[in-house]
**Q** 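This structure is in structure tokens; I'll ask about it shortly.
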Amino acid sequence: MNTNNHESKEKVNFIQAIIDQDKEKNKYNGRIHLRFPPEPNGYLHIGHAKSICLNFGLAEKNNGLCNLRFDDTNPSKEDTEYINSIIRDVKWLGYDWGDRLFYASDYFDRMYEDAVSLIKQDKAYVCDLSPDEIREYRGTFIKTGENSPYRNRSIEENLKLFQQMREGKFEDGSRVLRAKIDMNSPNLNMRDPVLYRIVKKSHHRTGNKWHIYPMYDYAHPLEDYYENITHSVCTLEFEDHRPLYDWILSSLYSTELPQQIEFARLNLSRTIMSKRRLRVLVEDGYVNGWDDPRLPTISGLRRRGYTPEAIRKFCDRIGVAKTNSVVDIQFLEHCIREDLNKSAQRVMAVLNPLKLIIDNYPEDYTEDLECENNPEDPQAGTRKVSFSRILYIEREDFHEDPPKKYFRLAPGKEVRLKNAYIIKCHNFVKDEQTGEVKEIHCSYDPETKSGGPGASRKVKGTLHWVSAKHAVKAEIRLYDYLLLEERDNKGEEGKDNFTDCINNNSLEILKDCLVEPGLTNAFKEDKFQFMRKGYFCFDPDSKPDKLVFNRIVTLRDSWEKIIKSNQIGDK
RNA sequence: UGAGGGAUCGUCUAGUGGUAGGACACCAGACUCUGGAUCUGGGAGCGGUGGUUCGACCCCACCUCCCUCAGCCA
């Protein structure tokens with residue numbers, strides 16, 4: 001479906017270009033059918049999201065179909081736990097596979113028959129070489145391979161042995177079925193690749209029915225063919241496998257063969273994306289589970305407060321190409337800010353409270369002030385927030401000796417309290433022990449009440465606040481990047497010790513935050529803008545007496561930039 | 001070293017012979033009861049060398065650099 005948004009001028013990526021050509025030539029009779037085929041051996045992450053959005057998106061755009069298929073051909077790695085999480089995540093992202101949820105394991109019988117057919121054509125044979133021997137016979141980049149001594153077994157013997165492999169007559173690793181292609185091929189994948197191996201392990205769906213399991217290179221093209229897939233989109237590392245993909249299919253079938261197309265997988269700066277490393281982070285306790293908000297897993301992003309819309313927009317905007325690239329994580333952050341700016345309710349929350357007393361405001365008096373819920377969306381309406389004599393403001397919003405261009409509160413200075421009054425600071429009290437500012441004393445100008453006749457007076461700064469006797473306590477969790485900046489590249493690309501590059505301060509827990517009382521009604525995946533602080537979401541760790549919020553992302557902060565550039569300039 | 005891919009602003013990405021465009025980031029200004037948002041403007045790029053052509057990011061040649069592959073993983 002096309003949006004009429006001026007920005008999305010229907011950018012045609014190279015895969016869409018191929019589809020356009022195929023349509024024009026009426027290849028596949030105009031059918032367009034894709035698939036997202038994860039192996040259920042781990043949790044999905046933002047890189048998978050790119051593939052999901054690509055495949056389902058292409059199907060939508062071309063009036064085609066997209067299947068969800070579990071590529072469960074290796075029982076020693078896979079589990080139902082992952083199937084459930086994958087189904088949940090794809091759904092959450094907003095995609096619908098209709099009734100086309102498939103499992104490679106559903107095709108095992110048919111794949112077996114196809115293997116028999118290859119044997120009968122003398123295109124496959126049972127090989128008794130050990131894994132080490134197969135490696136030796138395969139040769140190397142510069143050395144051609146050697147034919148297996150079992151390569152010339154008779155078709156009858158191969159048929160019989162393959163049947164016995166199926167029946168579980170042999171031990172793991174003792175025999176395999178191999179394609180008979182070319183041991184001298186410059187492409188190592190074509191040097192008689194293994195098609196089936198013996199794995200005497202229970203499969204999460206087929207139980208103990210099978211003792212042999214097909215390899216990816218054999219199974220994948222067939223799965224695609226069985227499902228009438230037209231365009232089989234995968235990542236770049238499979239480019240070398242395409243000749244084998246085509247060999248398998250053309251050896252067995254002749255019309256409407258699917259074609260494999262490769263694109264570059266997503267890399268994101270300052271985070272970890274490899275399944276292996278994510279597993280280390282989770283299992284060695286660097287993070288708290290697969291849905292830790294610091295992780296780029298779909299479940300982590302969901303808990304962090306990312307919306308499916310933002311993720312889809314991100315995937316759409318990073319584009320699809322064959323160039324290896326690293327997308328700046330700030331681009332992802334931009335997408336969630338953009339989404340939440342339009343939709344998130346504004347509230348006031350003080351992360352590091354500093355007591356502020358309005359000396360000339362009546363004691364035991366409360367006013368309910370009208371506050372806009374979202375200036376970007378008048379439909380969002382207003383709410384009442386209580387104001388009283390003792391308030392809390394953000395500690396960083398007061399400075400006893402302010403730097404240049406500081407618009408916030410300081411002795412003798414005026415600021416506006418958001419939706420309330422202009423106040424002026426007269427003095428402050430320090431803790432004698434620590435020297436820390438303990439409370440500040442101000443006066444307010446009753447004429448300047450927001451919305452009132454005298455409200456037009458301008459001051460430089462506006463602060464958010466909460467009323468001491470109305471505010472509710474909350475725990476707020478702040479997240480930073482998983483990887484240290486200076487180690488960024490090594491962190492994701494270095495071969496070992498990537499844990500050296502981990503940012504040990506990626507989680508900061510603030511326990512004494514104060515938020516508007518209305519937030520006690522928050523639940524599920526509710527998201528808010530804590531004014532001037534960022535976007536936050538309700539965390540399921542919350543209990544009735546203890547609210548917990550996650551910081552999704554900060555607001556853009558030009559003051560922060562001024563400070564940083566001054567610090568650099570002063571040196 | 002063999003094979004297969006790739007190289008366009010700082011970052012992603014368009015552009016397949018006719019003024020190199022967009023987004024993020026950055027800088028400046030306007031506006032603002034969020035130092036947010038919004039708006040306006042700006043700087044910033046074709047890996048190199050030759051060749052073909054009136055004209056080359058695009059075609060050709062050579063070179064350089066980067067990625068993937070030697071699992072009975074996917």
Side-chain angles (χ1 to χ4, degrees), chain A residues 7 9 11-13 37-39 41 71 73-74 76-78 127 129-131 134-136 138-145 172-178 185-191 193-199 212-213 215-217 219-220 234-243 262 264 266 269 275 317-335 337-338 341-342 346 348 372 375-376 405-408 415-420 422 448 450-451 455-464 529-534 554-562:
Chain A
E7 188 201 299
K9 268 188 240 150
K11 203 150 65 172
V12 173
N13 63 50
E39 183 188 18
N41 70 343
D71 209 356
T73 57
N74 185 352
S76 54
K77 290 184 148 190
E78 297 150 7
C127 179
L129 255 22
S130 71
I134 286 184
R135 192 179 315 119
E136 280 169 36
R138 181 160 38 225
T140 66
F141 294 146
I142 48 173
K143 200 176 113 218
T144 57
D172 282 24
S174 61
R175 282 180 231 260
V176 291
L177 183 74
R178 300 177 70 175
S185 172
N187 181 346
L188 299 194
N189 294 117
M190 299 299 270
R191 321 244 263 226
V194 173
L195 267 23
Y196 270 91
R197 77 286 214 186
I198 299 170
V199 183
I212 54 173
Y213 291 90
M215 298 286 291
Y216 168 89
D217 281 325
H220 208 88
C234 66
T235 43
L236 249 27
E237 66 269 28
F238 292 105
E239 279 176 320
D240 294 340
H241 297 238
R242 196 184 335 127
E262 310 87 8
L266 171 66
S269 67
K275 261 186 193 173
R317 298 212 274 217
I318 54 174
V320 180
K322 300 192 75 155
T323 317
N324 287 306
S325 59
V326 182
V327 175
D328 192 332
I329 196 160
Q330 289 189 61
F331 194 63
L332 216 208
E333 293 175 352
H334 164 78
C335 292
R337 281 194 190 102
E338 184 182 61
N341 176 49
K342 288 179 302 186
R346 272 61 170 172
M348 294 194 282
E372 235 179 343
E376 301 293 315
K405 291 191 191 165
Y406 187 79
F407 299 159
R408 283 112 100 145
V415 296
R416 171 170 288 282
L417 293 177
K418 179 74 187 171
N419 297 312
I422 291 177
T448 59
S450 292
S456 57
R457 186 151 75 85
K458 304 290 181 204
V459 287
K460 278 281 197 181
T462 301
L463 308 186
H464 61 283
Q529 186 195 95
F530 289 0
M531 289 185 93
R532 304 208 304 134
K533 297 310 295 180
T554 61
L555 258 24
R556 286 183 68 225
D557 189 348
S558 50
W559 172 238
E560 182 86 354
K561 278 174 203 158
I562 291 170

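Residue numbers begin at 1 in each chain, while the letters A, B, ... track the order of the sequences.
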**Q** Does a distance-only test, which skips hydrogens and angles, find a donor-acceptor pair under 3.5 Å between the side chain of A/Arg408 and the base of B/G35?
**A** yes
**Q** When you compare B/C46 with B/A3, how far apart are their P atoms, in angstrom units rounded to a whole number?
**A** 31 Å
**Q** Counting side-chain heavy atoms from C-beta on, which of B/C67, B/G2, B/A3 comes nearest to A/Ile142?
**A** B/G2
**Q** Kindly confirm whether the side-chain ring of A/Phe331 is stacked on the base of B/A23, judged by centres under 5.5 Å and planes under 30°.
**A**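 Stacking is absent between B/A23 and A/Phe331, given that the ring centres and planes do not meet under 5.5 Å and under 30°.
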**Q** So for A/Glu262 and B/G6, does any side-chain atom that can act as donor or acceptor lie under 3.5 Å from a complementary atom in the base?
**A** no
**Q** Quick one: the dot-bracket string of RNA chain B, using Watson-Crick and G-U wobble pairs with both distances under 3.5 Å, [ ] for crossing pairs and | for bases paired to another strand.
**A** .((((((..((((....[..)))).(((((.......)))))....(((((..]....))))))))))).....
**Q** Sequence neighbours left out, what passes side-chain contact (heavy atoms from CB on, under 4.5 Å) with A/Leu188? Give chain and number order.
**A** A/Phe141, A/Arg191
**Q** Tell me whether the OP1 or OP2 atom of B/U13 has a side-chain N or O from A/Ser325 closer than 4.0 Å.
**A** yes
**Q** Ring pair (Phe, Tyr, Trp, His ring centres under 6.0 Å) with A/Tyr406: which residues, sequence neighbours excluded?
**A** A/His399, A/Trp559
**Q** Within the modelled atom types, does a donor on one side and an acceptor on the other bring the side chain of A/Arg346 and the base of B/U34 under 3.5 Å apart?
**A**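 Yes.
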**Q** Where does B/G6 fall, syn or anti, if syn means a chi angle no more than 90° from 0?
**A** anti
**Q** Identify whether any heavy atom of A/Tyr406 sits under 4.0 Å from a base atom; if not, whether one sits that close to sugar-phosphate; answer base, sugar-phosphate or nothing.
**A**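 Base contact - A/Tyr406 has a heavy atom under 4.0 Å of at least one base atom.
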**Q** Do nucleotides 27-32 of chain B as a string where each nucleotide becomes B, S or -: B if the base has a protein heavy atom under 4.0 Å, S if just the sugar-phosphate does, - if no protein is that close.
**A** S-----
**Q** Could you tell me which residues satisfy ring pair (Phe, Tyr, Trp, His ring centres under 6.0 Å) with A/His334, sequence neighbours excluded, listed by chain and number?
**A** none
**Q** Remember a base hit wins even if backbone is also touched, and classify A/Val320 as base, sugar-phosphate or nothing at under 4.0 Å, heavy atoms.
**A**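 Touches sugar-phosphate only.
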**Q** Tell me whether A/Trp559 and B/G35 count as stacked here, given that the ring centres must be under 5.5 Å apart and the planes must differ by less than 30 degrees.
**A**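 Whether judged by distance or by angle, A/Trp559 passes, so it stacks on the base of B/G35.
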**Q** Side-chain donor-acceptor pairs under 3.5 Å in residues 321-328 of chain A, sequence neighbours left out?
**A**
| residue | atom | partner | partner atom | Å |
| --- | --- | --- | --- | --- |
| A/Lys322 | NZ | A/Glu239 | OE2 | 3.0 |
| A/Asp328 | OD1 | A/Gln330 | N | 3.0 |

**Q** Looking across every strand, which nucleic acid part, if any, lies under 4.0 Å from A/Ile562 by heavy atom: base, sugar-phosphate, or nothing?
**A**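 If one applies the 4.0 Å heavy-atom cut-off, A/Ile562 turns out to touch a base.
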**Q** How would you label the contact of A/His241 with the nucleic acid (heavy atoms, under 4.0 Å): base, sugar-phosphate, or nothing?
**A** base
**Q** Per the atom types in the model, does the base of B/U34 pair as donor or acceptor with the side chain of A/Gln529 at under 3.5 Å?
**A** yes
